[in-house]
Amino acid sequence: MGAMRLVTWNVNSMKARADRVLEWMVDIEPDVVCFQETKMEQDAFPTMDFAAIGYETAHFGQGRWNGVAIASRVGLDDVVENFAAGVEPDHEARIISATCAGVRVSSVYVPNGRALDDDHYQYKLGWLDRLVEHLEVSASREQPVVVAGDYNIAPTDDDVFNPAEMVGFTHVSDAERDRLAALERWGLVDLFRRRYPDAAGVYSWWDYRNGDFHKGRGLRIDLVLGTEAVAAATTWAIVDRNARKGKQPSDHAPVIAEFEL
DNA sequence: ATGGTAGCATCGCTA
């Protein structure tokens, strides 16, 4: 089916970021984009603005917080909001799935655990357990499947600017990384890490505070996971740090992966 | 230097 250029980007409010996002997409020409943190009601999504540059969109929004969407210029079929039927639905808008040119694509916004002793940490772990259930009931590891989004987990210490200081905090705990391992056991592969096993200091999120971006203090928590067929076909992947620069950026940079199926 | 940013919404929460 040819090359597919797929992006995941936590935009931290589509309302505040739409102009930047649309301009970036015209420049980069992705085939599929998975968005997180649209932070708007379902019907507030700027559908026509995306249509004007050639993209169909599907949005699962809930208002002030969360919200996920998929934009595609290669087809957008069989849209499912929330987890697939058979899995306990989540009370927040954190996953949407669609089929784009034969690839089953999900955009996911994994809960932020806040702290290891916070109820939201248990919510995060349970949510990731349900993501595995979702794959078991709705996807096939033998098919091209991509689950891209803000995982709020740094897979290894190579994905963290200050691993020693992060001990005891969320995003790096064994339990969270065990959940990523469970996704790998199901059949998903971190496309960036597979392609660049030795890359260090590559991050996708930097706190707005303290000048962290300019000091290189970030985490790689935005991941494009794909089944083996996708991973083996991945020709390149990159974090577009340029999109974190300039006026009113999101605190996340987009992650691009291209694969030739 | 014991703070700091950003978005949404409203007198605080979330990240």
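With ring centers used as reference points, A/Tyr109 lies 6.0 Å or more from A/Trp127. Close placement of the A/Phe50 and A/Phe45 rings is indicated, their centers lying within 6.0 Å of each other.
Distance CG (A/Asn66) to P (B/dT14): 11 Å, rounded to an integer number of Å. Atom CG of A/Asp212 and atom P of B/dT5 are 12 Å apart (whole Å). With rounding to whole Å, A/Asn112 atom CG is found 16 Å from B/dC13 atom P. Atom CH2 in A/Trp205 sits roughly 8 Å away from atom C1' in B/dA15 (whole-Å rounding). One interatomic measurement links the two molecules: CG of A/Asn10 to P of B/dT14, which rounds to 16 Å at whole-angstrom precision. In this structure, the CZ atom of A/Arg114 is 5 Å from the P atom of B/dA15, given to the nearest Å. In this structure, the CZ atom of A/Arg217 is 15 Å from the C1' atom of B/dT5, given to the nearest Å. Rounded to whole angstrom, the span from the CG atom of A/Asn152 across to the P atom of B/dT14 amounts to 14 Å.
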Close N/O contacts between protein and nucleotides 2-4 of chain B (under 3.5 Å):
unit_1	atom_1	unit_2	atom_2	d
B/dG4	N3	A/Asn210	OD1	3.1

Name the pairs: protein N/O against N/O of nucleotides 7-9 of chain B, kept only if under 3.5 Å.
unit_1	atom_1	unit_2	atom_2	d
B/dG7	OP1	A/Arg17	NH1	3.2
B/dG7	O3'	A/Ser13	OG	3.3
B/dC8	OP1	A/Ser13	OG	2.2

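Between A/Lys124 and A/Glu176, at least one side-chain nitrogen of the basic residue sits less than 4.0 Å from a carboxylate oxygen of the acidic one, meeting the salt-bridge criterion. Salt bridge status for A/Arg73 with A/Asp31: present, with a side-chain N to carboxylate O gap under 4.0 Å.
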*Passes side-chain hydrogen bond (donor to acceptor under 3.5 Å, both in side chains), A/Glu37 versus A/Asn10? Steps please.*
CA-CA 6 Å; A/Glu37 284 209 85; A/Asn10 180 326; 3.1 Å; yes
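Remark: A/Glu136 CD is packed, more than 12 non-hydrogen atoms of other residues, nucleotides or ligands lying under 6.0 Å away.
No contact: A/Phe213 has no heavy atom under 4.0 Å from any strand.
Atom C1' of B/dT14 sits at a distance of 14 Å from the matching atom of B/dT10, rounded to the whole Å. For the P atoms, the distance linking B/dA9 with B/dC13 amounts to 16 Å, nearest Å. A distance of about 15 Å separates the C1' atoms of B/dG4 and B/dA15, rounded to the whole Å.
Under the 4.5 Å side-chain criterion, counting only non-hydrogen atoms from C-beta, A/Thr8 is in contact with A/Gln36.
In this structure, A/Arg220 is not positioned above the aromatic face of A/Tyr203 in the sense of NZ or CZ being under 6.0 Å from the six-membered ring centre and within 45° of the axis. Within the cation-pi definition used here (under 6.0 Å to the ring centroid, within 45° of the axis), A/Arg195 does not qualify as a partner of A/Trp236.
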